[in-house]
Amino acid sequence: MTALPPPSPATLLAWYDRHARRLPWRIGPADRRRGVTPDPYRVWLSEIMLQQTTVAAVKPYFEGFLARWPDVAALAAAPSEEVMKAWAGLGYYSRARNLKAAAETVAREHGGRFPATEAGLTSLPGIGSYTAAAIAAIAFDQPAAVVDGNVERVLSRVFAVETPLPAAKTEIRRLQAGLTQKERPGDYAQAMMDLGATICTPRRPACSLCPWSENCAAHAAGIEESFPVKPNKAARPERTGTAFVARRRDGAVLLRRRAEKGLLGGMTEVPGSDWLPSAGPASTAATAPIAASWQAKGVVVHVFTHFRLTLSILAAEPADNPAAPEGHWWSSAEELPGEALPSVMKKAIETAFPGATKRRR
DNA sequence: GATGCGTGGCT
DNA sequence: TAGCCAAGCAT
């Protein structure tokens with residue numbers, strides 16, 4: 001077997017100059033050449049939102065955050081509750097808490113300017129090794145070795161890395177550090193991620209369009225899809241629970257807030273039971289939050305990362321105007337669509353009362 | 001190193 | 001359809 005020529009960063013950059021995706025938070029290669037520099041706030045905000053989240057899902061949230069909080073000082077001054085409401089539906093809600101905390105730190109301890117080094121960035125909550133390198137490269141044009149899922153996929157194929165993830169990460173980081181140049185490091189990082197997102201995809205990669213196809217060991221062997229090597233995943237366990245959706249005659253729905261940490265931490269929910277492993281026909285001895293005529297409205301099935309939830313929905317429309325129990329509140333029909341409700345809770349409310357969480361016009 | 005942590009789209 | 005997947009981080 002003949003050794004392949006090594007992949008060239010210059011070749012990738014030339015490809016990027018022609019095929020870079022246009023994204024709301026990105027300074028394209030042409031503008032960069034003209035000296036336009038990225039706003040670190042926008043780079044940071046986009047990178048946090050993009051953690052384990054698709055570009056399509058992020059776009060509307062990014063636009064919404066930017067319109068409402070145009071700089072880090074504005075975000076630092078925002079009430080946490082408003083940030084959580086704005087983040088609702090995007091998932092991984094600890095990101096929103098860390099986002100707010102990091103904004104306050106930058107505003108208070110760094111004079112409103114983001115640290116320009118990987119070490120400084122890593123010290124901020126919610127910024128790990130990937131995000132620190134990405135911001136350093138993209139916002140500050142530093143030759144940081146950016147390694148995300150795209151880079152892992154591209155380089156594991158180009159170099160046919162047989163070590164399974166996540167153990168392979170050390171080797172991949174070394175490979176990426178060797179490729180990262182002092183010229184255009186920000187564009188290089190984004191080029192690698194664009195290549196992974198549009199050409200070197202997990203399934204059916206478009207190798208005929210790839211600038212590195214002649215340099216790729218996996219392609220040479222015709223086994224692109226066998227990289228990166230990953231361990232088998234465990235089966236998703238089942239959990240069950242009960243949710244109570246009470247709606248007053250004026251349309252207000254009874255809500256409460258979840259604990260600050262853990263699953264859906266700090267978000268809003270309808271009252272209900274704990275969500276327990278469903279080993280058998282165990283009793284979901286759920287206690288209703290208020291006395292009313294509760295009626296079964298069916299179930300909501302929702303898939304979290306590490307378990308599948310089947311939530312039985314009970315609904316009631318009390319005739320009188322019962323007081324909200326301790327720790328609960330009645331959210332008016334007008335306020336409800338803007339509450340910090342995670343998707344599973346919107347599903348629960350919609351199952352009980354269709355249209356209740358939709359904004360009217 | 002393993003685990004907990006969301007959601008929606010795609011095949 | 002049921003699984004797989006997406007620019008990871010904190011503990």
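Order of the sequence lines sets the chain letters (A, B, ...), proteins ahead of strands, with each chain counted from 1.
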S.K.: Under a 4.0 Å threshold between the charged nitrogen and the carboxylate oxygen, would A:R248 count as salt-bridged to A:E317?
M.R.: no

S.K.: Examine B:dG4: is either OP1 or OP2 under 4.0 Å from a nitrogen or oxygen in the side chain of A:H306? Give yes or no.
M.R.: no

S.K.: Quick one: does any side-chain atom of A:R157 pair with a main-chain N or O of A:A217 as donor and acceptor, under 3.5 Å?
M.R.: no

S.K.: Can you tell me the distance, in whole Å, between the NZ atom of A:K346 and the C1' atom of B:dG6?
M.R.: 14 Å

S.K.: Would you confirm whether A:K261, through its side chain, and A:G266, through its main-chain N or O, come within 3.5 Å as a donor-acceptor pair?
M.R.: no

S.K.: Among C:dG3, C:dA6, B:dG6, which nucleotide has an atom closest to any side-chain atom of A:F304?
M.R.: B:dG6

S.K.: Measure CZ/A:R308 against P/B:dT7 and give the value in whole Å, please.
M.R.: 15 Å

S.K.: If you look only at distance, which donor and acceptor atoms sit under 3.5 Å apart when one is on a side chain in residues 339-347 of chain A and the other is two or more places apart or in another chain?
M.R.:
residue, atom, partner, partner atom, Å
A:E339, OE2, A:W329, NE1, 3.4
A:E339, OE2, A:S331, OG, 2.7
A:K347, NZ, A:V301, O, 3.4
A:K347, NZ, A:H302, ND1, 2.9

S.K.: A:L309 CG to B:dC5 P: how many Å, rounded?
M.R.: 13 Å

S.K.: Would you kindly compare A:T53 and A:P166 by the position of their nearest DNA chain B nucleotide and give the one closer to the 5′ end?
M.R.: A:P166

S.K.: Restricting both atoms to N or O, compile the protein contacts to nucleotides 8-11 of chain B shorter than 3.5 Å, with distance only.
M.R.:
residue, atom, partner, partner atom, Å
B:dG8, OP1, A:S343, OG, 3.0

S.K.: What integer distance in Å separates A:L90:CG from C:dG8:C1'?
M.R.: 13 Å

S.K.: Answer yes when A:K100 and A:E104 have at least one side-chain N-carboxylate O distance shorter than 4.0 Å, and no when they do not.
M.R.: yes

S.K.: Can you pull out the residues from residues 176-198 of chain A that lie within a 4.0 Å heavy-atom distance of DNA chain B?
M.R.: none

S.K.: Assign each of A:Y92 and A:R236 to its nearest nucleotide of DNA chain C by heavy atoms, then name whichever residue's nucleotide is nearer the 5' end.
M.R.: A:R236

S.K.: What integer distance in Å separates A:L23:CG from C:dA6:P?
M.R.: 17 Å

S.K.: Using whole Å, what does the distance between atom P of nucleotide B:dA2 and atom NZ of A:K230 come to?
M.R.: 15 Å

S.K.: So, is A:R153 close to the C:dC5 phosphate, meaning a side-chain N or O under 4.0 Å from OP1 or OP2?
M.R.: no

S.K.: Can you tell me if A:R26 and A:S46 form a side-chain donor-acceptor pair at under 3.5 Å?
M.R.: no

S.K.: Given the P atoms of B:dG8 and C:dC9, what is the spacing between them in whole Å?
M.R.: 22 Å

S.K.: Polar atoms only, N or O, under 3.5 Å: list the protein pairs with nucleotides 9-11 of chain C and their distances.
M.R.:
residue, atom, partner, partner atom, Å
C:dC9, OP1, A:G128, N, 2.8
C:dC9, OP1, A:T131, N, 3.0
C:dC9, OP1, A:T131, OG1, 2.7
C:dC9, OP2, A:Y130, N, 3.4
C:dA10, OP1, A:G126, N, 2.5

S.K.: Can you measure A:R97 atom CZ to C:dG8 atom P for me and round it to whole angstrom units?
M.R.: 23 Å

S.K.: Without swapping roles, check the side chain of A:Y188 against the backbone of A:L12 for a donor-acceptor pair under 3.5 Å.
M.R.: no

S.K.: List the residues meeting side chain to side chain donor-acceptor pair (under 3.5 Å) with A:Y41, not counting sequence neighbours, and say none if there are none.
M.R.: none

S.K.: Looking only at the side chain of A:L264 (C-beta and beyond, no hydrogens), which of the listed nucleotides C:dA6, B:dT7, C:dG3 gets closest?
M.R.: B:dT7

S.K.: Considering every strand and a 4.0 Å limit on heavy-atom distances, what is the contact class for A:W87: base, sugar-phosphate, or nothing?
M.R.: nothing

S.K.: Is A:E260 atom CD crowded by more than 12 heavy atoms from other residues, nucleotides or ligands, each under 6.0 Å away?
M.R.: yes

S.K.: In whole angstrom, give the distance that lies between atom CZ of A:R173 and atom C1' of C:dG8.
M.R.: 12 Å

S.K.: Which label fits A:W44 and A:F114: parallel for a plane angle under 30°, tilted from 30 to 60°, or perpendicular past 60°?
M.R.: tilted

S.K.: Run the side-chain donor-acceptor check on residues 124-132 of chain A: report pairs under 3.5 Å with partners two or more places apart or on a different chain.
M.R.:
residue, atom, partner, partner atom, Å
A:Y130, OH, A:E47, OE1, 2.7
A:T131, OG1, A:Q51, NE2, 3.0

S.K.: Take a 6.0 Å sphere around CD of A:E214 and say whether it holds more than 12 heavy atoms from other residues, nucleotides or ligands.
M.R.: no

